[in-house]
Amino acid sequence: MALMGVGEGDPEKGARESFMVRAVKIAMVVMLYWFISITMVFLNKYLLDSPSLKLDAPLFVTFYQCLVTVVLCKSLSLLTHVVPSHVLEFPSLRFDLKVLRTVLPLSVVFIGMIIFNNLCLKYLGVAFYTVGRCLSTVFNVLLSYIMLKQTTSMYALMSCGIILGGFWLGIDQEGAEGTLSWAGIFFGVLASLCVSLNAIYTKKVLPAVDGSIWRLTFYNNVNACFLFIPLLFVCGEVGTLLAFDKLSMFYFWGMMTLGGIFGFAIGYVTGLQIQFTSPLTHNISGTAKACAQTVIAVMYYHQIKSFLWWTSNLMVLGGSFSYTWVKGLEMKKTQGETNQSQSNGEKSSVGV
């Protein structure tokens with residue numbers, strides 16, 4: 001109402017203030033996304049590979065984060081019964097076996113994505129993490145052609161070539177510095193593949209949950225929790241946990257729960273950033289965030305990197321930015337052509 005009052009007296013001033021308010025909101029949302037995303041990576045690195053924690057149970061860490069997400073989703077769903085809808089808006093959730101079965105193929109891919117993602121982070125440093133799992137864009141192009149028969153423009157393919165060049169240069173430089181982990185690279189490639197598959201299967205499964213990302217998140221993580229239980233026994237992590245000396249410590253469970261909360265929150269702030277900006281801006285923000293994350297990691301862990309190592313990171317980030325920009329321009333061009341054809345069709349019908 002205050003803004004309306006200002007606008008009535010001075011329209012230009014009101015418009016400027018409205019623009020400034022929106023700009024501040026966008027800046028705050030982007031900062032929140034960066035903070036949660038970067039903090040989550042460092043927190044997961046601590047839980048997975050901390051010399052002070054000494055917990056070698058990456059599957060259990062991932063399982064617990066899925067469990068926290070299920071509890072948070074169900075809690076928010078129950079809260080909607082007592083909290084007004086204008087304060088909290090969240091879809092109703094219930095355990096539907098038919099939906100769980102429909103979502104199961106996606107859940108298998110989802111489990112692979114989060115397991116390989118965390119294993120990549122465990123064996124690679126945070127600084128090299130961006131390069132280690134940078135091939136999701138390349139796999140998007142390959143899988144879109146193989147599974148969906150969608151072709152890619154030459155400019156987008158050139159961007160993928162830059163990413164691949166940065167990936168191989170980064171491997172070479174990590175090897176030269178003696179810090180290369182082939183296990184980390186292997187898990188990073190698998191994580192990138194699963195990220196691409198996850199995007200494709202998500203589009204197929206969304207209709208089963210009425211297009212609700214939160215319902216999909218809930219059912220996906222419920223399936224994941226059940227699928228993780230036999231994996232924990234097969235991989236021997238149950239015995240590792242029983243022998244873990246900090247299992248009864250409040251600090252350990254507090255950090256584990258915090259990791260789960262941040263894992264849940266990243267889904268919310270990602271949607272929030274897309275809502276306040278656009279999918280293209282979100283991808284650009286993610287690329288810039290990865291750059292900042294790399295710099296922070298190098299400074300935090302007191303690492304010294306070569307010029308070519310930094311060049312590999314810039315190639316990966318530059319290729320990702322270029323691909324995002326090219327796809328954005330192509331989508332805008334396609335939309336413009338569609339609108340033009342519709343306009344021409346309407347004119348023709350009027351003429352008849």
Side-chain angles (χ1 to χ4, degrees), residues 37 39-74 100 103-126 128-129 132-133 135-136 181-198 201-202 216-267:
S37 182
T39 304
M40 184 181 70
V41 171
F42 278 89
L43 183 55
N44 280 344
K45 180 64 176 176
Y46 171 77
L47 292 170
L48 293 164
D49 192 38
S50 170
S52 60
L53 200 60
K54 296 178 181 177
L55 174 63
D56 187 19
L59 295 184
F60 175 73
V61 172
T62 313
F63 160 74
Y64 188 79
Q65 290 178 348
C66 291
L67 185 63
V68 170
T69 297
V70 170
V71 171
L72 287 173
C73 284
K74 191 61 181 176
L100 285 171
V103 176
L104 186 59
L106 172 64
S107 300
V108 173
V109 175
F110 172 72
I111 277 189
M113 180 180 72
I114 55 179
I115 288 176
F116 295 136
N117 199 54
N118 278 349
L119 287 173
C120 174
L121 183 58
K122 176 180 173 63
Y123 289 103
L124 294 179
V126 177
F128 194 63
Y129 177 62
R133 52 178 298 279
L135 297 183
S136 55
S181 167
W182 282 108
I185 296 297
F186 175 71
F187 291 129
V189 171
L190 289 179
S192 300
L193 174 61
C194 288
V195 167
S196 301
L197 287 171
N198 187 72
Y201 278 102
T202 295
L216 183 59
T217 299
F218 174 72
Y219 286 113
N220 223 0
N221 281 274
V222 168
N223 275 338
C225 287
F226 284 116
L227 293 171
F228 264 119
I229 293 173
L231 289 175
L232 292 174
F233 284 95
V234 171
C235 296
E237 290 198 5
V238 174
T240 303
L241 285 169
L242 293 175
F244 183 53
D245 59 347
K246 298 180 179 66
L247 193 62
S248 60
M249 291 179 62
F250 175 79
Y251 171 79
F252 167 69
W253 290 108
M255 294 298 287
M256 288 281 289
T257 304
L258 189 62
I261 292 171
F262 271 85
F264 173 83
I266 192 64

Got a list of side-chain donor-acceptor pairs under 3.5 Å for residues 184-193, not counting sequence neighbours?
from, atom 1, to, atom 2, distance (Å)
S192, OG, R133, O, 3.3
S192, OG, L135, N, 3.4
S192, OG, G188, O, 2.9

Under 3.5 Å, sequence neighbours excluded: what are the donor-acceptor pairs made by side chains of residues 232-247?
from, atom 1, to, atom 2, distance (Å)
E237, OE1, L59, N, 3.3
E237, OE1, F60, N, 2.8
E237, OE2, L59, N, 3.1
T240, OG1, G236, O, 3.2
K246, NZ, S52, O, 3.2

Using a 4.5 Å cut-off on heavy atoms from C-beta on, say whether the side chain of L231 contacts that of L227. no
Got F110 and C66 here, is their nearest side-chain heavy-atom distance under 4.5 Å? yes
Evaluate side-chain contact (heavy atoms from CB on, under 4.5 Å) for L72 paired with I261, printing each intermediate quantity in order. CA-CA 8 Å; L72 287 173; I261 292 171; 4.2 Å; yes
Drop me the distance from S107's OG to Y201's OH, to the nearest 0.5 angstrom. 12.0 Å
Please report the C-alpha distance between Q65 and I114 in whole Å, then the side-chain angles of each, then the deciding distance to 0.1 Å, and finally whether the side-chain contact (heavy atoms from CB on, under 4.5 Å) criterion is met. CA-CA 10 Å; Q65 290 178 348; I114 55 179; over 6 Å; no
L100 versus N223, closest heavy-atom pair with distance: O-ND2, 2.9 Å
Give a yes-or-no answer on whether the side chains of N44 and Y129 include a donor-acceptor pair shorter than 3.5 Å. no
Are any of the side-chain heavy atoms of F264 and V68 separated by less than 4.5 Å? no
If we only count heavy atoms from C-beta on, is the S181 to F128 side-chain gap below 4.5 Å? no
Do V70 and C225 have side-chain heavy atoms sitting under 4.5 Å apart? yes
Go through the structure and list residues passing ring-ring contact (aromatic ring centres under 6.0 Å, His included) with F226, not counting sequence neighbours. none
Between the side chain of K45 and the main-chain N/O of L124, is any donor-acceptor distance below 3.5 Å? yes
Can you measure from CE (M40) to CG (L258) and round to the nearest 0.5 angstrom? 11.5 Å
Which atom pair, heavy atoms only, marks the closest approach of V41 to L121? O-CD2, 3.5 Å
Ring centres of Y64 and W253 under 6.0 Å apart? yes
To the nearest 0.5 angstrom, please state how far the OG1 atom of T69 sits from the CG atom of N221. 4.5 Å
Surrounding CZ of F228 (heavy atoms of other residues, nucleotides or ligands, distance under 6.0 Å), is the total greater than 12? yes
Would you mind reporting whether P58 and D56 have side-chain heavy atoms less than 4.5 Å apart? yes
Working to the nearest 0.5 Å, report the span between CG of L106 and CE of M113. 8.0 Å
Atom of G112, atom of C194 and distance for their closest heavy-atom approach: C-SG, 3.8 Å
Are L55 and L47 side-chain neighbours, meaning at least one heavy-atom pair lies under 4.5 Å? no
I need the L67 CG to F63 CZ distance, nearest 0.5 Å. 5.0 Å
In Å and rounded to the nearest 0.5 Å, what is the CZ to OG distance from F42 to S37? 10.5 Å
